[in-house]
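Below is one structure, written out as structure tokens, with a few remarks after it.
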Amino acid sequence: MHRRAMLAAPPALAAASLLPVAAGAQGAAVQTEEFMVPSKDAGIELFLRNKHQEGLQPRPDRTLLFVHGATYPASTAFDLPLGGLSWMDYIAGRGFDVWCLDLRGYGRSTRPPEMAQPPEANQPLVRGETAVADIAAAAAFIRQRRGLPKIVHMGWSWGTSLMARFTADNPSLVERLVLFAPQWLRDGPSPAAAGTSGELGAYRYVTQAQARERWVNGVSEAKRAALIPPGWFEHWAGVTFATDPEGQRRNPPALRAPNGVLLDSREFWQAGKPFYDPSKITVPTLLVVAEWDRDTPPAMANTLFPLLTASPGKRLVQLAEGTHSIVMERNRGALFQAVQVFLEEAIA
């Protein structure tokens, strides 16, 4: 019973105020709801999943929206039960109203019609501006449904750029901001662009073998064996790749991922041009990154942190022995802990 509580806070805190919250929360049933929300574009609907305890009273600081990165959907990582527990379950079990969004072209959201054509037939799909508009539509749906003026926003990887951009543009709609594996200016292409060169098509194909190699890139051979518990990668890959039946018909099976993010990377991050202005973020902000992250290395977070000049109570946390996907690794409890402490504390 206490295992989840210990993930929530450092030992000194777990024994104090956070432990009773978690212990009490585990007795309440958690409800799951799923929605298809209209986007600003006709024919495009966005998949939202929600988990919350029965009878929970809506609060801005206890309502959280999560969005994914460049390649894979939110629903198969944020709500993936590993060892019987997903990150979404964990946060909901601590009394939060938790939502995750699959952007268009990803997961269970509508795929643009161009994705039914060969990738070379169209320009890269789902640019950052389009993705931010999808986030705006999803967040507006949540605020209206819960009767709230603002909510917490959390992004992973590319999703950090999107959530930060939304927050910079709409400070009155965001309670606080969590940037997990934050993206910033880089030298050279994103690892998500591996296997692509020259002119980009509308989308790219990613195989499970490529996914695993990218996941463990930069981890020493001595550490790889213990990084991901047995069966966890296979479980994630199975449910994630199953969201794209068309890609599953290929040999080998593959997942289609929109290329708008890669074009954005070329035109913004690789060109030394930020997609948003950090100085316009005026809400409490957490940056959290793992030491072996090769997609968004800790140096990015270290560079971004001092640029958040208007963020009260900002924080930067680096986690040991984890990669870009620490959320699904042996040390994921450290990520849960760092984020939960930030979400639950009062910031002057």
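Every value quoted in this text rests on a predicted model; they were computed, and no experiment measured them.
Going from atom CG of Asn122 over to atom CD of Glu114 covers 5.0 Å, rounded to the nearest 0.5 Å. One distance of note links CZ of Phe66 with NE2 of His68; it measures 8.5 Å at 0.5 Å rounding. Here the straight-line distance linking atom CZ of Arg176 with atom CZ of Phe342 works out to 5.0 Å at 0.5 Å rounding. Here Leu64 contributes atom CG and Arg62 contributes atom CZ; the two are 11.5 Å apart, rounded to the nearest 0.5 Å. Expressed to the nearest 0.5 Å, how far CZ of Arg94 lies from CD of Gln340 amounts to 5.0 Å. Interatomic distance, Leu103 CG to Thr130 OG1, rounded to the nearest 0.5 Å: 10.0 Å.
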* Can you list the steps and then say if Leu343 with Val178 is a side-chain contact (heavy atoms from CB on, under 4.5 Å)? -> CA-CA 9 Å; Leu343 292 176; Val178 179; 4.1 Å; yes

* **side-chain contact (heavy atoms from CB on, under 4.5 Å) evaluation trace for Leu46 with Met36** => CA-CA 5 Å; Leu46 309 170; Met36 296 301 294; over 6 Å; no

* Begin from the C-alpha positions of Val67 and Met163 and carry the test side-chain contact (heavy atoms from CB on, under 4.5 Å) through to its verdict. => CA-CA 8 Å; Val67 75; Met163 288 303 211; 3.7 Å; yes

* Output, in order, the C-alpha distance, side-chain angles, deciding distance and verdict of side chain to side chain donor-acceptor pair (under 3.5 Å) for Arg204 and Asn259. => CA-CA 6 Å; Arg204 63 196 182 280; Asn259 270 343; 3.0 Å; yes

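Pairs passing the salt bridge (Lys or Arg N to Asp or Glu O under 4.0 Å) check and including a residue from residues 122-140, sequence neighbours excluded, read Arg104-Asp134, Arg127-Asp264, Arg127-Glu267, Glu129-Arg165. Each salt bridge (Lys or Arg N to Asp or Glu O under 4.0 Å) pair with one or both residues in residues 297-310, not counting sequence neighbours, would appear here, but there are none.
Side-chain N or O atoms of Thr243 include one that pairs as donor or acceptor with a backbone N or O of Thr240 at under 3.5 Å. Asp293 places a side-chain N or O within donor-acceptor distance of the main-chain N or O of Thr296, the cut-off being under 3.5 Å. The backbone N or O of Gly69 sits nowhere less than 3.5 Å from a side-chain atom of Thr71 that would complete a donor-acceptor pair. Under a 3.5 Å cut-off, the side chain of Arg59 and the backbone N or O of Phe96 do not form any donor-acceptor pair. Judged by distance alone, with hydrogens and angles left aside, the side-chain atoms of Tyr106 form no donor-acceptor pair with the main-chain N or O of Arg256 at under 3.5 Å. Remark: side-chain polar atoms of Trp156 are paired, donor with acceptor, to backbone N or O of His324 under 3.5 angstrom.
Side-chain contact between Val219 and Thr323 is present, with at least one heavy-atom pair separated by less than 4.5 Å. Between Leu48 and Leu65, some side-chain heavy-atom pair lies under the 4.5 Å cut-off. Looking at Val289 and Leu319, their side chains never come closer than 4.5 Å, going by heavy atoms from C-beta outward. For the pair Phe180 and Ile326, the minimum side-chain heavy-atom distance is below 4.5 Å. In this structure the side chain of Arg146 reaches within 4.5 angstrom of the side chain of Asn50, judged on heavy atoms. Inter-residue side-chain proximity for Glu33 and Arg145 is flagged as met; some heavy-atom pair is nearer than 4.5 Å. In this structure, the side chains of Leu227 and Val216 come closer than 4.5 Å at one or more pairs of heavy atoms. Residues Phe78 and Met154 are in side-chain contact: their nearest non-hydrogen atoms beyond the backbone lie under 4.5 Å apart.
Here Glu321 pairs with Lys223, Arg330 under the side-chain hydrogen bond (donor to acceptor under 3.5 Å, both in side chains) rule; sequence neighbours left out. Take Gln318 and apply the side-chain hydrogen bond (donor to acceptor under 3.5 Å, both in side chains) test, not counting sequence neighbours, and it matches no residue. Lys280 pairs by the side-chain hydrogen bond (donor to acceptor under 3.5 Å, both in side chains) definition with nothing, not counting sequence neighbours. For Glu345, the salt bridge (Lys or Arg N to Asp or Glu O under 4.0 Å) partners at least two apart in sequence or on another chain are Arg315. Evaluation of the side-chain hydrogen bond (donor to acceptor under 3.5 Å, both in side chains) rule for Glu291 yields no partner, not counting sequence neighbours. Annotation: salt bridge (Lys or Arg N to Asp or Glu O under 4.0 Å) contacts of Glu34 (sequence neighbours excluded): Arg49, Arg108. By the side chain to side chain contact (heavy atoms under 4.5 Å, CB included) test, Ala254 is found to be paired with Tyr205, Thr207, Arg250, residues two or more places apart in sequence or in another chain being considered. The salt bridge (Lys or Arg N to Asp or Glu O under 4.0 Å) search around Glu213 returns none, not counting sequence neighbours. When the salt bridge (Lys or Arg N to Asp or Glu O under 4.0 Å) test is applied to Lys150, the partners found at least two apart in sequence or on another chain are Glu175.
Across every non-hydrogen atom of Leu286 and Ala338, the tightest pair is CD2-O, 3.9 Å.
With 3.5 Å as the limit, one finds a donor-acceptor pair spanning the side chains of Ser161 and Gln183. Side-chain contact check for Thr167 and His153: no donor-acceptor pair (N or O, by modelled atom type) lies under 3.5 Å. Of the N and O atoms on the side chains of Ser86 and Asp79, at least one donor lies less than 3.5 Å from an acceptor on the other residue. At a cut-off of 3.5 Å, with distance as the only test, no side-chain donor of Ser39 or Asp41 sits close to an acceptor on the other residue. With hydrogens and angles left out, the side-chain atoms of Glu45 and Ser109 include no donor and acceptor closer than 3.5 Å.
Less than 6.0 angstrom separates the ring centroid of Trp99 from the ring centroid of Phe35. Taking the six-membered ring for Trp and the full ring otherwise, the centers of Trp184 and Tyr276 sit less than 6.0 Å from each other. Between Trp236 and Trp215, the distance from one ring center to the other falls under 6.0 angstrom.
The pair Glu221-Arg224 meets the salt-bridge criterion, since a charged nitrogen lies less than 4.0 angstrom from a carboxylate oxygen.
The environment of CD in Gln144 is sparse: at most 12 heavy-atom neighbours from other residues, nucleotides or ligands sit within 6.0 Å.
In the hydrophobic clustering of ILVMFWY residues, with side-chain heavy atoms under 4.5 Å counting as a link, Leu56 and Ile151 come out apart. Phe47 and Val98 end up in different hydrophobic clusters when Ile, Leu, Val, Met, Phe, Trp and Tyr side chains are linked at under 4.5 Å.
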If you look only at distance, which donor and acceptor atoms sit under 3.5 Å apart when one is on a side chain in residues 300-310 and the other is two or more places apart or in another chain?
unit_1: Asn302; atom_1: ND2; unit_2: Pro298; atom_2: O; d: 3.3
unit_1: Thr303; atom_1: OG1; unit_2: Ala299; atom_2: O; d: 2.9

